[in-house]
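Order of the sequence lines fixes the chain letters, A, B, ..., with proteins taken first and strands second; residue numbering starts at 1 for each chain. These numbers come from a predicted model, not from an experiment. Note: hydrogens, waters and symmetry copies are ignored here, and every other heavy atom, side chains too, is used.
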Number of protein chains: 2
Amino acid sequence: MLPTIRDVAKEAGVSIATVSRVMRESEGVRDATRLRVLAAAAELEYTPSHLGRQLAERRHAANGIVFPDLSGPYYAEVVLGYEGVAAELRRSVLILSTHGRSDAEDAVREMAGRCDGLVILGRTVSDAAVQSLAARGTKLVLVARPPIGTVDSVNAENHASARSLTEHLLSEGVRSLRFVGDPVSSPDVAERWAGVRDAFLRSESDRAPELVTVDELDEESGAAVADAALAADDLPDAFVCGNDELALGLLGRLAAAGVDVPGTVMVTGWDDVMAARYAGLTTVRQPMRELGATAARLLEELIVDERTEPRHELLPTELVIRSSSSTSH
Amino acid sequence: MLPTIRDVAKEAGVSIATVSRVMRESEGVRDATRLRVLAAAAELEYTPSHLGRQLAERRHAANGIVFPDLSGPYYAEVVLGYEGVAAELRRSVLILSTHGRSDAEDAVREMAGRCDGLVILGRTVSDAAVQSLAARGTKLVLVARPPIGTVDSVNAENHASARSLTEHLLSEGVRSLRFVGDPVSSPDVAERWAGVRDAFLRSESDRAPELVTVDELDEESGAAVADAALAADDLPDAFVCGNDELALGLLGRLAAAGVDVPGTVMVTGWDDVMAARYAGLTTVRQPMRELGATAARLLEELIVDERTEPRHELLPTELVIRSSSSTSH
DNA sequence: GACCGTGATGTAACCGGTTACAGAAACCGG
DNA sequence: CCGGTTTCTGTAACCGGTTACATCACGGTC
């Protein structure tokens, strides 16, 4: 059994209140007493229990972050950005992946009970669950998800970059475009699709852009889309994918089939994950770390400053043109 | 203020002990009473406080995982593998990156005070710190780090795959080899370098393998190594890198300089991160997720079963030959 | 020498649960 | 209808800290 504050008090011949004051570095303890307590604490290798302290102070000094499914590089980067700032603020970080689990909302609620605040990435929990957490006073920041009620949010700009991307493709001679993604499960993807469609329709293109819905935003799904298109001998001028992993999967399958990219078909992704650079994939760069870091700062404000008026951050993105959509790169 | 067990007791007209029994689903509560308590709990939207519960039970139902620096894809994967299993076991997961911080050991100790057990990746904390945690009774599992005392460990096999890799390179005609990495800060890298050197020396090669030490195992360092070699006009037949990120950085710079890979120089990495596939990088695949998952299971055994004899797991690896070291791929 | 103010320390209530043990209620057979 | 079980519920101590308030010792002042 680890030593408690009472053991130290007995060892030093003082009361537990004095030990507490010394450990918390409060004022009003005589130097002689302080040294005696410190000596006793060192002797017993005493460290104050977080549990006792947290219960008395009614705070956790810990925040949580919830992310979906078996996150690829995108979420990992966001979480790392978050962790960096949280650690600076001397807060512990709890993570929770809702991967597949049907009891995700329970798990989130459970985590809320261990934290002073929560960051929620994407559509991991229902709007109703977010509302109910907020109603119970849980401090919340949403990332990659549109604001709900008066809950803070951090998002990357999607519309403008969707327009730039589409205009780039049009200027490269693209006349038919197929968007790959799942606008329902990912708010980001929904905005991207809307932005691409609008920009495409605004041009004098002959065909409306198509939408191919996939279940998961991963390489496998991208490969499946490529297979289907190859089997039907139905390739558009460009595949615009909702994220890089879809695009990479698609690209790999097209290359295996000997299709000329970008000659026959162009492919673009979104996020600019590390692999995109090496695959020569045109994409839209998101500040992934910065998304997490910003969320951590907003959450801290909510907890420490008791800020009440909501804030919504929109971080800039950047079109990155590579060889998968351009002959000059 | 959130409702407490006393509020529910008053609302239901019972004692707090009864409420506790109902919430814990203990035996021996009459159905009529149980329903009354559940109704009161629902009415007040009561959820038991983790803090109070944990203090009374003297357990956290949470584990921590410590990883170095601002981890690239490798650590992210290990953490995800860990999280998946921990969540199944209904344990919360705390993460801590020791990135640069000089007070890393304090932070780890702090985290130990919040958890029932800890997984430590790589050389994030000193051997002495590990020993001292173990001595205080903290349940520990080391990953990607050789065993210390009687502390559990999980590692990927390095020697055999280092030999396979080296033999592959020799069979491709490599006569001079330069290893890139930091054997001091990473035990894995140290083993890899030792394995490569041994295998290379055992052949009838004319030159001993060289070692180039870098500060960080990232793309930037790899690029710097390439730059230095190019500037000195001193390219070996093969760069064998301690991880994929070094290799990718190196590869990118060589490609930019118009050097023929694998014709003029071959490049290999380690880990098989996602980007390695798209860069055509020869590497050694590690079961990254499985490393984390195994660590989670070992830790659970330590905590639940009070197992005392240490276990050391060695997970298999696999040589993956791609175009960066082979003309036939 | 009595009085008072100040600063150091101790006492005890409290944070929100769990649980050993005591006590009450319900049930049983005779 | 009574005593003995059995089953349910309540009381109170405890987990390990924090902190408001009481107390006490001490030094200074008149």
Side-chain angles (χ1 to χ4, degrees), chain A residues 1-41 44-62 92 109-110 112-116 136-137, chain B residues 1-41 44-62 92 109-110 112-116 136-137:
Chain A
M1 209 54 234
L2 293 175
T4 76
I5 198 171
R6 276 142 182 111
D7 299 323
V8 178
K10 189 178 296 176
E11 174 82 14
V14 298
S15 73
I16 60 168
T18 300
V19 177
S20 176
R21 282 189 274 258
V22 172
M23 299 313 291
R24 299 177 55 73
E25 309 186 6
S26 309
E27 291 302 302
V29 180
R30 211 162 23 149
D31 274 356
T33 315
R34 173 191 313 283
L35 292 176
R36 210 143 34 91
V37 170
L38 288 176
L44 300 175
E45 296 189 8
Y46 167 73
T47 326
S49 149
H50 282 103
L51 248 30
R53 190 169 265 188
Q54 286 160 19
L55 182 57
E57 291 180 345
R58 275 179 284 178
R59 56 176 242 130
H60 299 262
S92 295
R109 219 175 295 269
E110 142 102 24
R114 297 171 164 271
C115 300
D116 299 321
R136 279 176 73 82
Chain B
M1 209 54 231
L2 293 176
T4 75
I5 198 172
R6 277 143 182 109
D7 299 323
V8 178
K10 189 178 295 175
E11 175 81 14
V14 299
S15 74
I16 61 168
T18 299
V19 176
S20 177
R21 282 188 274 258
V22 171
M23 297 315 290
R24 298 177 55 71
E25 307 185 8
S26 309
E27 291 303 301
V29 179
R30 208 162 25 148
D31 275 355
T33 315
R34 174 190 314 281
L35 292 176
R36 210 142 36 92
V37 170
L38 288 176
L44 299 175
E45 296 189 6
Y46 168 72
T47 325
S49 149
H50 282 103
L51 247 30
R53 187 170 268 186
Q54 287 160 18
L55 182 57
E57 292 179 346
R58 274 177 287 177
R59 57 176 242 129
H60 299 264
S92 296
R109 219 175 294 270
E110 143 102 22
R114 297 171 164 270
C115 300
D116 300 320
R136 279 177 73 82

Item checked: Most 5' of B:Val14 and A:Ala17 on DNA chain D, judged by nearest nucleotide -> B:Val14

Check: Quick one: on DNA chain D, does A:Ser26 or B:Gly28 contact a more 5' nucleotide (nearest heavy atom)?
Finding: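 The residue whose closest nucleotide sits nearer the 5' end is B:Gly28.
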
Counting the atoms with a prime plus P, OP1 and OP2 as sugar-phosphate, which does [X] contact under 4.0 Å by heavy atoms, base, sugar-phosphate, or nothing?
{"X": "B:Ser49", "result": "sugar-phosphate"}
{"X": "A:Leu51", "result": "nothing"}
{"X": "B:Arg24", "result": "sugar-phosphate"}
{"X": "B:Ser20", "result": "base"}

pair [X]-[Y]: side-chain heavy atoms closer than 4.5 Å:
{"X": "B:Asp31", "Y": "B:Arg34", "value": "yes"}
{"X": "A:Glu110", "Y": "B:His50", "value": "yes"}
{"X": "A:Leu51", "Y": "B:His60", "value": "yes"}

Checklist line | For atom CZ of B:Arg34 and atom C1' of D:dT7, their distance in whole Å | finding: 13 Å

Notebook entry, point to check: Distance from A:Thr47 atom OG1 to A:Arg53 atom CZ, nearest 0.5 Å?
Noted result: 10.0 Å

Note to self: For the CD1 atom of B:Ile16 and the CE atom of B:Met23, what is their distance to the nearest 0.5 Å?
What the structure shows: 13.5 Å

Notebook entry, point to check: After noting the C-alpha distance and the side-chain angles of A:Arg21 and A:Thr18, does the key distance pass the side chain to side chain contact (heavy atoms under 4.5 Å, CB included) rule?
Noted result: CA-CA 5 Å; A:Arg21 282 189 274 258; A:Thr18 300; 4.0 Å; yes

Note to self: So if I apply the side-chain contact (heavy atoms from CB on, under 4.5 Å) rule between A:Tyr46 and each of A:Asp7, A:Leu2, A:Ile5, which one comes out positive?
What the structure shows: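 When side-chain contact (heavy atoms from CB on, under 4.5 Å) is applied between A:Tyr46 and each of A:Asp7, A:Leu2, A:Ile5, only A:Ile5 qualifies.
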
Notebook entry, point to check: Is the number of heavy atoms from other residues, nucleotides or ligands within 6.0 Å of CD (A:Glu45) greater than 12?
Noted result: no

Item checked: Outermost DNA chain C nucleotides near chain B [under 4.0 Å, heavy atoms] -> C:dG16 to C:dT19

Between the protein and nucleotides 22-27 of chain D, which nitrogen or oxygen pairs are less than 3.5 angstrom apart?
none

Closest heavy-atom pair and its distance - [X], [Y]:
{"X": "B:Ser92", "Y": "A:Arg114", "answer": "OG-NE, 2.9 Å"}
{"X": "A:Leu44", "Y": "A:Pro3", "answer": "O-CG, 3.3 Å"}
{"X": "B:Val37", "Y": "B:Ala12", "answer": "CA-CB, 4.0 Å"}

Item checked: Bend angle of the helix from C:dG1-D:dC30 to C:dG30-D:dC1, from helix axes over five pairs at each end, nearest 10° ->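 The value is 60°.
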
Notebook entry, point to check: Hey, which of these two, A:Arg21 or B:Val19, hits DNA chain C nearer its 5' end, going by closest nucleotide?
Noted result: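 Nearer the 5' end of the strand: A:Arg21.
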
